[in-house]
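A short write-up of the structure that comes next.
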Amino acid sequence: MQRDLEKWSETLLGEMLVCSLIGRALYAYPDKAWLQSLLAEDVFSDTPFGAGQTEIDNGMDLLRKWSIENRSGLTQEAFDAVEADYMHLFIGPKKVLAPPWESYYLNKDHILFQVETLQVRNWYRRFGLEAENLYHEPDDHLGIEFSFIAHLAKHGLQAYEAGDSKEYKRMLKAQGEFIRTHPRRWIKAWQQNVEDNARTGFYLGISRLALGVIAALGTILESATEKEAIKKDPVQA
């Protein structure tokens, strides 16, 4: 059972790390120092979660290639390309080519601040969180949703390692339900928009990684809920 504990600890830790990275990459405006830190720390050399999943492997390959191209340091030209791509895909100033908001994809008129926004906001509040730009920006931004998943993974890991079976199960169940009812419903359409319009390997890689992570998590969490992780209570075994 110690082996099971170590496996779940590694899974939750990897999930937390990769979802945090994706969340920041998609939500925060490009920051040269942060991007440079990814290169300096060789972040994309190993896959912390979901190795073997097609989209995850493809995304990591693109991100490794981007890292290799910039291994001598992120030049201003390379940073400008990433910054321009972020604007081009997610902000404008013209048409937003890969809108990162759930409500855009799940209502027929592509209107923001709809029922999906309120549903996601309620999820955050259930776990003591609130969007940074509440009421000024839709809460259902994909970057925020990934950061929320990372938050649940972090608390699930803490509960698991503390032997708190009830809280661990609650966090695991919450992750599965949130992913199934929110990002899993629209991330493929979003990723296709990035696929069609991205100009840098960085955001194309992040988008493929994001798609793969949601697919892998859906499978893992469904299996965990239905089998050993919930029914056999691995924390107490």
Side-chain angles (χ1 to χ4, degrees), residues 7-51 53 55-57 59-60 62-64 66-67 74 82 86 89-90 100-102 120-121 123-133 137-161 167-168 170-172 174-179 182-184 187 190-191 194 202-218 220-221 224:
K7 179 180 178 181
W8 270 103
S9 294
E10 291 174 2
T11 297
L12 288 167
L13 178 60
E15 176 195 352
M16 180 184 73
L17 293 173
V18 75
C19 288
S20 294
L21 186 148
I22 293 169
R24 176 162 182 173
L26 295 179
Y27 183 69
Y29 193 82
D31 178 83
K32 188 175 182 180
W34 181 68
L35 291 169
Q36 184 61 58
S37 73
L38 299 181
L39 296 170
E41 296 168 17
D42 204 12
V43 167
F44 302 118
S45 61
D46 295 311
T47 305
F49 174 84
Q53 203 279 353
E55 288 86 2
I56 290 177
D57 288 348
M60 290 297 293
L62 284 166
L63 292 166
R64 288 189 195 102
W66 175 82
S67 297
L74 192 67
V82 170
Y86 185 88
L89 292 168
F90 309 131
W101 305 283
E102 179 174 334
V120 169
R121 183 180 300 166
W123 267 97
Y124 302 161
R125 286 178 172 171
R126 278 175 55 190
F127 294 90
L129 299 177
E130 191 171 84
E132 182 178 344
N133 296 311
E137 181 179 48
D139 309 57
D140 54 359
H141 190 292
L142 186 58
I144 303 177
E145 292 191 4
F146 265 98
S147 294
F148 178 62
I149 295 168
H151 174 81
L152 295 179
K154 176 182 178 181
H155 285 273
L157 178 61
Q158 291 171 342
Y160 197 89
E161 293 182 338
E167 184 65 6
Y168 159 71
R170 187 172 82 97
M171 292 296 111
L172 210 61
Q175 287 182 64
E177 289 181 357
F178 180 76
I179 289 167
H182 291 287
R184 200 173 185 182
I187 192 170
W190 167 82
Q191 197 280 326
V194 179
F202 181 78
Y203 284 113
L204 183 56
I206 288 291
S207 76
R208 290 186 187 177
L209 180 62
L211 180 64
V213 165
I214 292 300
L217 279 173
I220 290 170
L221 292 168

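Owing to the predicted nature of the structure, the values given are computational and were not obtained by experimental measurement.
Between Phe49 and Leu209 there is no side-chain heavy-atom pair separated by less than 4.5 Å. Between Ile149 and Pro183, the closest side-chain pair of non-hydrogen atoms falls below 4.5 Å. You'll find the side chain of Gln175 reaches within 4.5 Å of the side chain of Leu172, heavy atoms only.
With sequence neighbours excluded, the residues forming a side-chain contact (heavy atoms from CB on, under 4.5 Å) with Leu17 are Leu13, listed by chain and number. For Ser20, there are no side-chain hydrogen bond (donor to acceptor under 3.5 Å, both in side chains) partners two or more places apart in sequence or in a different chain. Residues passing the ring pair (Phe, Tyr, Trp, His ring centres under 6.0 Å) test with Phe44: none are found, sequence neighbours excluded.
Under a 3.5 Å cut-off, the side chain of Tyr168 and the backbone N or O of Glu161 do not form any donor-acceptor pair. No donor-acceptor pair under 3.5 Å is formed between the side chain of Tyr160 and the backbone N or O of Leu12.
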**Prompt:** So Glu167 and His155, side-chain hydrogen bond (donor to acceptor under 3.5 Å, both in side chains) or not? Walk me through it.
**Reply:** CA-CA 8 Å; Glu167 184 65 6; His155 285 273; 5.8 Å; no

**Request:** Take Cys19 and Leu217, measure what side-chain contact (heavy atoms from CB on, under 4.5 Å) needs, and give me the verdict at the end.
**Result:** CA-CA 11 Å; Cys19 288; Leu217 279 173; 4.2 Å; yes

Side-chain donor-acceptor distances from residues 28-36 under 3.5 Å, at least two apart:
| from | atom 1 | to | atom 2 | distance (Å) |
| --- | --- | --- | --- | --- |
| Tyr29 | OH | Glu83 | OE2 | 2.9 |
| Asp31 | OD2 | Ala33 | N | 3.2 |
| Asp31 | OD2 | Trp34 | N | 2.8 |
| Lys32 | NZ | Gln76 | OE1 | 3.2 |
| Gln36 | OE1 | Leu74 | N | 2.7 |

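Listed by first then second residue, pairs satisfying salt bridge (Lys or Arg N to Asp or Glu O under 4.0 Å) with a partner in residues 202-214 read Glu195-Arg208, not counting sequence neighbours. Residue pairs meeting the salt bridge (Lys or Arg N to Asp or Glu O under 4.0 Å) criterion with at least one member in residues 144-157, sequence neighbours excluded, do not occur.
Taking each heavy atom of Ala216 and Ile56 in turn, the nearest pair found is CB-CD1, 4.1 Å. Nearest approach of Val213 to Phe146, heavy atoms of both residues: CG1-CE2, 4.0 Å. The minimum heavy-atom distance between Leu221 and Gly176, with the atom names listed, is CD1-N, 3.6 Å. When all heavy atoms of Gln53 and Ala215 are compared, the pair lying nearest together is NE2-CB, 3.6 Å. Contact detail for Ala174 and Phe127: the closest heavy-atom pair is CB-CZ, 3.5 Å. The two residues Ser147 and Gly23 make their nearest non-hydrogen contact at OG-CA, 3.8 Å.
In this structure, CD1 in Ile144 is found 6.5 Å from CG in Asp139, a value given to the nearest 0.5 Å. Between the CD atom in Gln191 and the CD1 atom in Ile214 there is a gap of 12.5 Å [rounded to 0.5 Å]. Here the OG-CD distance, from Ser9 to Gln158, works out to 11.5 Å after rounding to the nearest 0.5 Å. To the nearest 0.5 Å, atom CG of residue Leu204 and atom CG of residue Leu63 are 8.5 Å apart. Between Ile22 atom CD1 and Leu142 atom CG the span is 8.5 Å, to the nearest 0.5 Å. Atom OH of Tyr27 and atom OH of Tyr86 lie 8.0 Å apart (nearest 0.5 Å).
Classification of the His141-Trp101 ring pair by plane angle, with boundaries at 30° and 60°, yields perpendicular. Note on ring orientation: taking the six-membered ring where Trp is involved, the planes of Phe178 and Phe148 are perpendicular (angle over 60°, cut-offs 30° and 60°).
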